[in-house]
Amino acid sequence: MANRALGAPRLTGPQPVSGQAVTTETGDLVQSLITAGDSRRADAIFFYAMVACGLSVLAIVFLIVYELVTKSNLPGTPLA
């Protein structure tokens, strides 16, 4: 919804186009995509990279919590 205070033009939306036929020339493109092969190897590499990123985030969070707990002054412990 346009703000009328800004002087937005009145847009009528998409209009039908007459007299033009839709053509598809995908013969070479489709053939090259068919012979390009599958992407299983790339998908596997991406999957394991994302798993490694996720595990590294969890490891960093664990290390932060570990440092906070070990460096904190717990009740009943003398100050060093």
Side-chain angles (χ1 to χ4, degrees):
M1 184 153 80
N3 187 351
R4 298 207 187 272
L6 298 176
R10 295 191 180 268
L11 302 176
T12 60
Q15 300 296 318
V17 178
S18 61
Q20 293 182 354
V22 177
T23 60
T24 58
E25 298 176 13
T26 59
D28 293 335
L29 177 63
V30 170
Q31 189 60 32
S32 66
L33 289 175
I34 290 173
T35 59
D38 59 6
S39 61
R40 279 185 240 159
R41 182 177 300 148
D43 288 342
I45 291 170
F46 181 76
F47 173 78
Y48 289 116
M50 291 300 105
V51 168
C53 289
L55 291 176
S56 65
V57 167
L58 291 176
I60 290 170
V61 169
F62 174 76
L63 289 174
I64 291 171
V65 170
Y66 175 77
E67 287 294 320
L68 287 172
V69 169
T70 58
K71 304 288 191 221
S72 66
N73 185 16
L74 297 175
T77 58
L79 294 174

Check your understanding: Residues two or more places apart in sequence or in another chain: which of them pass side chain to side chain contact (heavy atoms under 4.5 Å, CB included) with Ile64?
Key -> Ile60, Leu68
Exercise for review: Output the rest of the hydrophobic cluster of Phe46: all Ile, Leu, Val, Met, Phe, Trp and Tyr residues reachable through side-chain heavy-atom contacts under 4.5 Å, sorted by chain and number.
Suggested key: Met50
Exercise for review: Using the salt bridge (charged side-chain N to carboxylate O under 4.0 Å, His left out) rule, collect all pairs that involve residues 50-65, keeping only residues at least two apart or in two chains.
Suggested key: none
Point to revise | Summary of salt bridge (charged side-chain N to carboxylate O under 4.0 Å, His left out) pairs that have at least one residue in residues 54-67, sequence neighbours excluded | key: Glu67-Lys71
Review point. How would you list, by chain and number, every residue that makes a side chain to side chain donor-acceptor pair (under 3.5 Å) with Arg40, sequence neighbours excluded?
Key: Asp38
**Study point:** Sequence neighbours excluded - side-chain hydrogen bond (donor to acceptor under 3.5 Å, both in side chains) pairs with any residue from residues 42-63
**Key:** Ser39-Asp43
